[in-house]
Amino acid sequence: MSQVFGALHKMHTTLKDQVEYRLELSDTLVLNELLGKRISISYEGQINCTHCGRKTKKSFSQGHCYPCFTKLAQCDTCIMSPEKCHFAAGTCRDENWAEQNCFTDHFVYLSNTSSLKVGITRHTQLPTRWIDQGAVEALVLYRVADRRLSGLVETEFKSLVKDKTNWRAMLKGDVTEMSLEDERERLAHEMAPTIDALMKKEGLQALSPLGEGPVSIEYPVLEYPTKITSFNLDKAPRVEGTLMGIKGQYLILDTGVINMRKFTGYQVKIDWE
C-alpha cells in the first residue's frame with residue numbers, strides 16, 4: 001500500500017495525447033498511473049486556508065478562510081462576474097493584484113463540454129481552463145484587453161450560448177457532436193453589430209477576433225459512469241473505489257465521483273494498492 005498526504009489543491013494538468021493529471025501533496029502523484037487501481041481518500045478533519053494557512057472550519061471560494069474571502073481581490077464578486085469590475089470606482093480590494101491579473105490580455109472562447117459553451121480566461125490559462133471544465137474541444141473567439149471587457153463580451157454572448165457546464169453530462173461522456181468553427185462563424189455573424197459597437201466604444205485594439213483552429217482534448221477515462229453519485233468529504237470523510245477515469249477536476253471512481261478542487265485546503269491522506 002502506498003500513501004501521500006497533505007492539503008488538497010486543484011489537480012495540475014498537462015495537455016498530451018491524453019491529459020496528464022498530477023497532485024502535489026507530500027510527493028508528486030501522477031494520477032493517470034492509478035487508473036484501474038483501488039484508491040481511498042481520507043479527510044483528516046482539518047482545513048487550512050490556501051492564502052494565509054490558518055485553520056478554518058469552512059472553506060470559502062475554493063480554499064480560503066472567511067477573513068481572506070472577504071478581503072482578497074481574487075475572492076471578490078467581480079471575479080465571477082467580470083463585467084461588474086469596480087476598479088474605476090476606486091473600490092478594488094487590491095489594485096496591484098488587479099493590475100497583474102485583470103489588466104492583462106484575456107480570451108473569450110467557445111468550448112464543447114457536453115454542449116456548446118462560451119467562457120473567458122486569462123491568456124496564461126489556456127488550455128488549463130478548458131481542461132478544468134472537461135471540454136473535449138475548444139477554440140478562441142477573441143483576444144480582449146482586460147478582464148472587464150471579456151466579461152462584457154461574454155455577457156452579450158449569453159443570449160445565444162450557455163456559459164455553464166452540465167457537469168453531470170460531462171462526466172457521463174455525453175457530448176453533442178458539433179463543428180466549433182461553424183459555430184464561431186454563425187455567432188460572429190449574429191453578434192457582429194454588438195461586437196462592432198463594443199470596439200467603437202472601447203477602441204479597435206481592445207478587442208481582436210482570432211481565427212485559430214480548435215484544440216481537441218482527450219481524457220484518461222477507462223469507463224464513463226451511467227449514473228452520477230457525488231462524494232462530499234464533509235458528510236463522508238472517506239472515499240473508496242477503483243479509479244475509472246479523470247476529467248475536468250473530477251476523479252471518476254466505480255463508486256462515485258469527487259470534485260477535487262471543491263475541497264481545496266482539506267488535509268487528506270490518499271492510499272492506493
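What you see below is based on every heavy atom in this structure, not just the backbone, and it leaves out hydrogens, waters and symmetry mates.
Interatomic distance, L72 CG to C52 SG, rounded to the nearest 0.5 Å: 8.5 Å. Rounding to the nearest 0.5 angstrom, the gap separating the OG1 atom in T121 from the CD atom in Q133 is 8.0 Å. Remark: C75 SG to F60 CZ distance equals 10.5 Å, nearest 0.5 Å. Remark: I270 CD1 to S2 OG distance equals 12.0 Å, nearest 0.5 Å. Summarising the geometry, atom NZ belonging to K227 is positioned 15.0 Å from atom CG belonging to L171; distances are rounded to the nearest 0.5 Å. Remark: E137 CD to E181 CD distance equals 8.0 Å, nearest 0.5 Å.
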Q: Test H123 against T104 for side-chain hydrogen bond (donor to acceptor under 3.5 Å, both in side chains), laying out the working first.
A: CA-CA 8 Å; H123 67 97; T104 185; 3.2 Å; yes

Q.
Using the rule given for side-chain contact (heavy atoms from CB on, under 4.5 Å), can you reason through F87 versus E95, listing the C-alpha separation, both sets of side-chain angles and the distance that settles it, and then say yes or no?
A. CA-CA 8 Å; F87 187 94; E95 292 188 359; 3.7 Å; yes

Q.
Working note: D76 + Q74, criterion side-chain hydrogen bond (donor to acceptor under 3.5 Å, both in side chains); need CA distance, chi angles, decisive distance, verdict.
A. CA-CA 6 Å; D76 206 345; Q74 56 265 44; over 6 Å; no

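Placement of L160 and V108 within a single hydrophobic cluster is found when ILVMFWY residues are connected by side-chain heavy-atom separations under 4.5 Å, directly or transitively. Connection of V239 to L35 is established within a shared hydrophobic cluster, with ILVMFWY side chains joined at heavy-atom distances below 4.5 Å, either directly or through further cluster members. Residues I195 and V140 do not share a hydrophobic cluster, clusters being chains of Ile/Leu/Val/Met/Phe/Trp/Tyr side chains in contact below 4.5 Å. Hydrophobic clustering (ILVMFWY, side-chain heavy atoms < 4.5 Å, transitive): V144 and I79 are in distinct clusters. The cluster map of Ile, Leu, Val, Met, Phe, Trp and Tyr, joined by side-chain heavy atoms under 4.5 Å apart, puts L126 and L180 in different clusters.
Using a distance-only test at 3.5 Å, with no hydrogens or angles considered, a donor-acceptor pair links the side chain of S159 to the main chain of E156. Between the side chain of S115 and the main chain of T176, no donor-acceptor pair closer than 3.5 Å is present. Put simply, the side chain of D254 never gets that close to the backbone of G36: no donor and acceptor are under 3.5 Å apart. The backbone N or O of S61 sits less than 3.5 Å from a side-chain atom of H64, completing a donor-acceptor pair. Under the 3.5 Å distance criterion, the side-chain polar atoms of S26 are matched with a main-chain donor or acceptor of F5. Judged by distance alone, with hydrogens and angles left aside, the side-chain atoms of T50 form a donor-acceptor pair with the main-chain N or O of G63 at under 3.5 Å. Panel note: side chain K84, backbone T77; no donor-acceptor pair is recorded below 3.5 Å. In this structure, H86 contributes its side chain and T91 its backbone to a donor-acceptor pair below 3.5 Å. No donor-acceptor distance shorter than 3.5 angstrom exists from the side chain of N48 to the backbone of Y266, with no hydrogens or angles considered. S81 contributes no side-chain N or O that, together with a main-chain N or O of E83, makes up a donor-acceptor pair within less than 3.5 Å.
Of all non-hydrogen atoms in K269 and E44, the two that sit nearest each other are CE-OE2, 3.6 Å. Nearest heavy-atom pair, S40 versus E240, reported as atom, atom and distance to 0.1 Å: CB-CG, 3.6 Å.
A search for salt bridge (Lys or Arg N to Asp or Glu O under 4.0 Å) contacts involving R148 returns E202, not counting sequence neighbours.
Note on residues 8-19: pairs passing side-chain hydrogen bond (donor to acceptor under 3.5 Å, both in side chains), not counting sequence neighbours, are K10-D132, T14-R22, K16-E20, Q18-E218.
Side-chain rings of Y109 and Y142 stay apart, their centers remaining 6.0 Å or farther from each other.
Looking at heavy atoms from C-beta onward, N112 lies in side-chain contact with M178 at the 4.5 angstrom threshold. No side-chain heavy atom of D146 sits less than 4.5 Å from a side-chain heavy atom of C102. Considering only heavy atoms from C-beta on, I47 stays 4.5 Å or farther from Q267 through its side chain. Residues I41 and R238 fail the side-chain proximity criterion, which asks for heavy atoms closer than 4.5 Å. Considering only heavy atoms from C-beta on, Y250 comes within 4.5 Å of W167 through its side chain. At a threshold of 4.5 Å between non-hydrogen side-chain atoms, the residues K262 and N232 count as touching. At least one side-chain heavy atom of L23 sits less than 4.5 Å from a side-chain heavy atom of L31. A 4.5 Å side-chain heavy-atom check between T229 and T255 finds every atom pair outside the cut-off.
With hydrogens and angles left out, the side-chain atoms of N259 and Q249 include no donor and acceptor closer than 3.5 Å. Side-chain N/O atoms of S208 and R143 include no donor and acceptor closer than 3.5 Å.
Of the residues K162, R168, K164, the one that meets the side-chain contact (heavy atoms from CB on, under 4.5 Å) test with N166 is R168. Tested against Y21, the residues I131, V30, L34 include a single side-chain contact (heavy atoms from CB on, under 4.5 Å) partner, I131.
For M80, the CE atom is loosely surrounded, since the number of other residues' heavy atoms within 6.0 Å does not exceed 12. Counted within 6.0 Å of NZ on K158, heavy atoms from surrounding residues, nucleotides or ligands total more than 12; the atom is thus considered enclosed. The local environment of CD in E223 is sparse, with at most 12 non-hydrogen atoms from other residues, nucleotides or ligands closer than 6.0 Å. Atom CD of E185 has 12 or fewer neighbouring heavy atoms from other residues, nucleotides or ligands inside a 6.0 Å radius.
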